[in-house]
Amino acid sequence: MNQDIKTRTRAATAAAAEHSVGDAIAAALADMGVTTVFGVISIHNMPILDAIGRQGRIRFVSARGEAGAMNMADAFARVSRSLGVVITSTGTAAANAAGSQVEALSAGSPVLHITTQVDREFMDLDRAAIHDVPRQPDMLKAVSKHYVRVRAAAGAVDALVEAATVARTAPSGPVSLEIPIDVQRLKVAAQNVAGMPVTPLRTPDPMRLDALADMVRQAKRPMLWLGGGARGAAAAATALAERGFGIVTSTNGRAVVPERHAHSLGAFNMTKEAEQIYAKSDLMIVVGSRLRGNETQNNKMRLPRLVQIDADPSQAGRNYPVELFIAGDAQLALEGLLARLPEKLAIDPAFLASIATARANDEAALRKALGPYAPLADALSRRVERGRHPWVRDVTVSNSTFGNRYVRLAEPRLGVHALGGGIGQGIAMAIGAAAASLAAKTIALLGDGGAQLMLGELATAVESRAGVVYIMMNDRGYGVIRNIQDAQYGGRRMYADILTPDFALICQSVGLPHARIARIEDFEPALDRAMAALGPHMIEVDMTAIGPFGQKFAGPPAGAAGQRS
Ligand SMILES: Cc1ncc(C[n+]2csc(CCOP(=O)(O)OP(=O)(O)O)c2C)c(N)n1
C-alpha cells in the first residue's frame, strides 16, 4: 500500500469512528457502567439525550422537573453506592436543579450534574441568548463540590471522566459539568473508556494512628460518633463495637454499625440520656461527621474529649475543638486503629450496660410520645430493616420524631433523608431509590405540605413503574410550623394552614393506586397490600381523623438553626 492510500484509509477509518460529542458522552457514560440517568429533555441537551435513546444502553427516567431529577439521581447514588447522573438544560433548568443539589452537597452524594450552555460565541457575554444565565458557573459552583466546563470537543470525554472521578472521591459530592450546545454537536473521534474510574483513597498517617491507639488503650469508656463519611467503614466500625466501643451515629451515619447492636445509641444522639452517656465517656472518635448544628444543639451539646477522622482536612476541628485530627479514608483509618489494638479492650462494663439502658429508655419514651401513631411506627419498624427496604424520609414531624431513629435501617445505604432540611424532596428521592433497589420496595414517609412541591413527579413514579410505597402523613398543613408557632409565636398560625389537595383525586389523575386510612388499625393491612402489589402506591394517613401525636414536636431548640432531623 503506498503512502497516499494508507493516509486515505486512516482518514476514512477515523471518519467512520467519529461521532458527535453527544454520542461520545452517552457512550462514555455507559462504558463507565452508568445504567440509569435522570433528567428533563430540552433543546440544549438533545444531542446527548438523543444519543442515549439511540444507543439504548442506558435507562433514561424523564422527570417532570429538574429539582426532582436531581433528587432522583442523588437517592440513586446513595442507595446504589455508585455515581448518580442527572442531565438538565442551561439556565432555568440548571437553576431548577440547584435547590436539590444543595441537598446532594449537604449529604456528600456522588452526583454528576451534566448541564449545558448556550453556544460558545454567546456564552458569558450577557447577549440575551435563549436560556442564557450570564453567571451560570457562579450558580453551579455555589452548589457543587467541583465545576468543570467543556470548551472543545476533544476534551469532552476526559472532562466527563474527571467529573465522575471527583464526584466519587472522598469527601464525595455533586460535580457540575457544563457542555455548551454547539460543542455537543461537534464531531469527535471515538474514545474508549474502561469502566468507572478508580478513586484515590487518602491514607491516614501511621504515627497519628499510633497516637490514637495509645489514647484508646488508656480509655475505659471510648465511643465512636459515626457520620455519613463512615458509611464505607461499616466492617471496621462494627469490629470496634465488638471490642467494646460505645456507638452513636448522626442521621446520615445510621446503621454503619447494626442499629440493634447492644453497644449502640443508634441515632438517639441528642437526648438527655445520650448526654448522660457522653458525660461518662472518656474519649469519642468522630468519624466522617460534620457534627451538624441540628444534631448537637448547635454545637453547644457537651461531648467528651474528641479525636476526629475525616477525608477532608479542612474539616479539622470545625465545629468542636479536637485533641487529634487524622486526615484519611474512614475504613483505612479504623482498620489501622483495629490493627494496633488488643483483641480485648479494658472497657468498663457498666458503661456499656448504661448505653443499652439509655437506648431502651429513649425508644420507650419516643414510643409513648407518638400516642396513636406508635402502631404505625412499629409496623414500619418490623418491615424496613427485615425486608432491607430503602427508607426515604422527607422533613416532617413523623420523621423528625420516629422515622429518623426508631424505624431501623438494614444498611447505611438504605437510609435516604433530606439532610439539608429542605421539605418536599421525598417523592422524587423515592423514585431514585427504587431505580437502585430492584430487589426490595422503597418505602417513603412524606408530609402533605412538603409533598406539594413535587406532585408532578407522581406521574414519573407511575410512568417509570417505581417500586415505591408512599406513606402520606396528612395533617392538612405545615404541622411542625404550627407547633413552633404554638411554642414560640403565641399560637399565631401565620401561613401554616395551607390548602391541601385531594390526594385521592391527584393519584387517580395519574393512575397511582391510593388508599386512605382513617383508623390506625387499618394501616398495617393497607401497608401489606401496597407492599405486595407491583409499582407505586400511596397510603394516605388521615391525621385529622386519627388525632394528634402524644407529644407535640416543635422543631429544634429555640435559637438552633434548622429542624432537628
Ligand atoms: C424547601 C423548604 N421550604 C420551607 C421549609 C420550612 N418548613 C419546614 S417543615 C415545613 C412544613 C412541612 O409540612 P409537612 O410536609 O406537611 O410536614 P409536617 O410538618 O406537617 O409533618 C416547612 C414549610 C423547609 N424546611 N424547606
Side-chain angles (χ1 to χ4, degrees), residues 14-63 66 69-70 72-74 76-77 82-91 93-94 97 101 104 110-120 123 131 136-137 140 144-168 174-197 199 435:
E18 262 191 1
H19 52 182
S20 73
V21 166
D23 281 294
I25 294 290
L29 284 169
D31 289 347
M32 283 196 289
V34 171
T35 59
T36 312
V37 169
F38 306 88
V40 180
I41 193 159
S42 162
I43 185 167
H44 282 90
N45 61 27
M46 278 161 84
I48 303 172
L49 293 196
D50 185 61
I52 287 178
R54 271 187 288 105
Q55 291 173 12
R57 298 170 67 196
I58 287 175
R59 176 184 188 207
F60 183 75
V61 176
S62 282
E66 292 80 6
M70 175 62 72
M72 292 173 203
D74 177 351
F76 182 91
S82 63
L83 188 71
V85 182
V86 52
I87 302 185
T88 68
S89 185
T90 185
Q101 195 163 332
V111 171
L112 174 60
H113 178 188
I114 301 177
T115 189
T116 68
Q117 253 298 354
V118 296
D119 293 289
R120 282 169 299 170
M123 191 168 75
H131 286 252
Q136 179 166 293
L140 292 171
S144 302
K145 176 187 172 189
H146 186 54
Y147 155 86
V148 185
R149 174 181 277 177
V150 176
R151 290 171 188 279
V157 168
D158 295 304
L160 176 79
V161 172
E162 192 214 28
T165 310
V166 175
R168 291 172 59 254
V175 173
S176 298
L177 177 70
E178 248 188 1
I179 315 178
I181 178 60
D182 58 326
V183 175
Q184 292 177 42
R185 294 195 195 100
L186 294 174
K187 291 284 180 230
V188 68
Q191 191 170 333
N192 190 32
V193 176
M196 191 58 85
T199 51

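Basis for what follows: all heavy atoms, side chains included, without hydrogens, waters or symmetry-related copies.
Listed here is the closest heavy atom pair of Ser42 and Ser89: OG-OG, 2.7 Å. Annotation for Met72 and Ala63: closest pair CE-CB, 3.7 Å, computed over non-hydrogen atoms. Taking each heavy atom of Gln55 and Ala27 in turn, the nearest pair found is OE1-N, 3.2 Å. Nearest heavy-atom pair across His113 and Ala97 is CE1-CB, 4.0 Å. Of all heavy-atom pairs spanning Pro180 and Val118, the tightest one is CB-O, 3.6 Å. Nearest heavy atom pair, residue Ala156 against residue Ile25, reads O-CD1, 4.0 Å.
Atom CD1 of Ile58 and atom CD1 of Ile52 lie 5.0 Å apart (nearest 0.5 Å).
Sorted by first and then second residue, the ring-ring contact (aromatic ring centres under 6.0 Å, His included) pairs with a member in residues 33-57 read Phe38-Phe76, His44-His131; sequence neighbours excluded.
The side-chain contact (heavy atoms from CB on, under 4.5 Å) search around Ala77 returns Pro110, Val111, not counting sequence neighbours. With sequence neighbours excluded, the residues satisfying side-chain contact (heavy atoms from CB on, under 4.5 Å) with Ile41 are Asn45, Met46, Leu49. Looking at residues two or more places apart in sequence or on another chain, you find a salt bridge (charged side-chain N to carboxylate O under 4.0 Å, His left out) between Arg120 and Asp182. For Arg54, the salt bridge (charged side-chain N to carboxylate O under 4.0 Å, His left out) test picks out Asp23, Asp50, with sequence neighbours left out. For Glu178, the salt bridge (charged side-chain N to carboxylate O under 4.0 Å, His left out) partners two or more places apart in sequence, or in a different chain, are Arg149.
Under the 3.5 Å distance criterion, with hydrogens and angles disregarded, no donor-acceptor pair is assigned to the side chains of Gln191 and Asp31. For the residue pair Gln101 and Ser176, a side-chain donor N or O sits within less than 3.5 Å of a side-chain acceptor on the partner. Neither side chain, Gln184 nor Thr116, offers a donor N or O lying under 3.5 Å from an acceptor on the other.
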Check against side chain to side chain contact (heavy atoms under 4.5 Å, CB included), Met32 and Leu160
CA-CA 10 Å; Met32 283 196 289; Leu160 176 79; 3.7 Å; yes
Are Val166 and Val148 close enough, and set up right, to give a side chain to side chain contact (heavy atoms under 4.5 Å, CB included), and what steps lead you there?
CA-CA 10 Å; Val166 175; Val148 185; over 6 Å; no
If you apply the rule side chain to side chain contact (heavy atoms under 4.5 Å, CB included), what do you find for Ile114 with Leu29, and how did you get there?
CA-CA 11 Å; Ile114 301 177; Leu29 284 169; 4.0 Å; yes
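The shortest side-chain heavy-atom distance between Val188 and Glu18 does not fall under the 4.5 Å cut-off. For the pair Val34 and Arg57, the minimum side-chain heavy-atom distance is 4.5 Å or more. Here the side chains of Ile43 and Ile181 are not in contact, with every heavy-atom distance at 4.5 Å or above. Val150 places none of its side-chain heavy atoms less than 4.5 Å from the side chain of Val21. Within the 4.5 Å cutoff, the side chain of Met123 has no heavy atoms near those of the Gln136 side chain.
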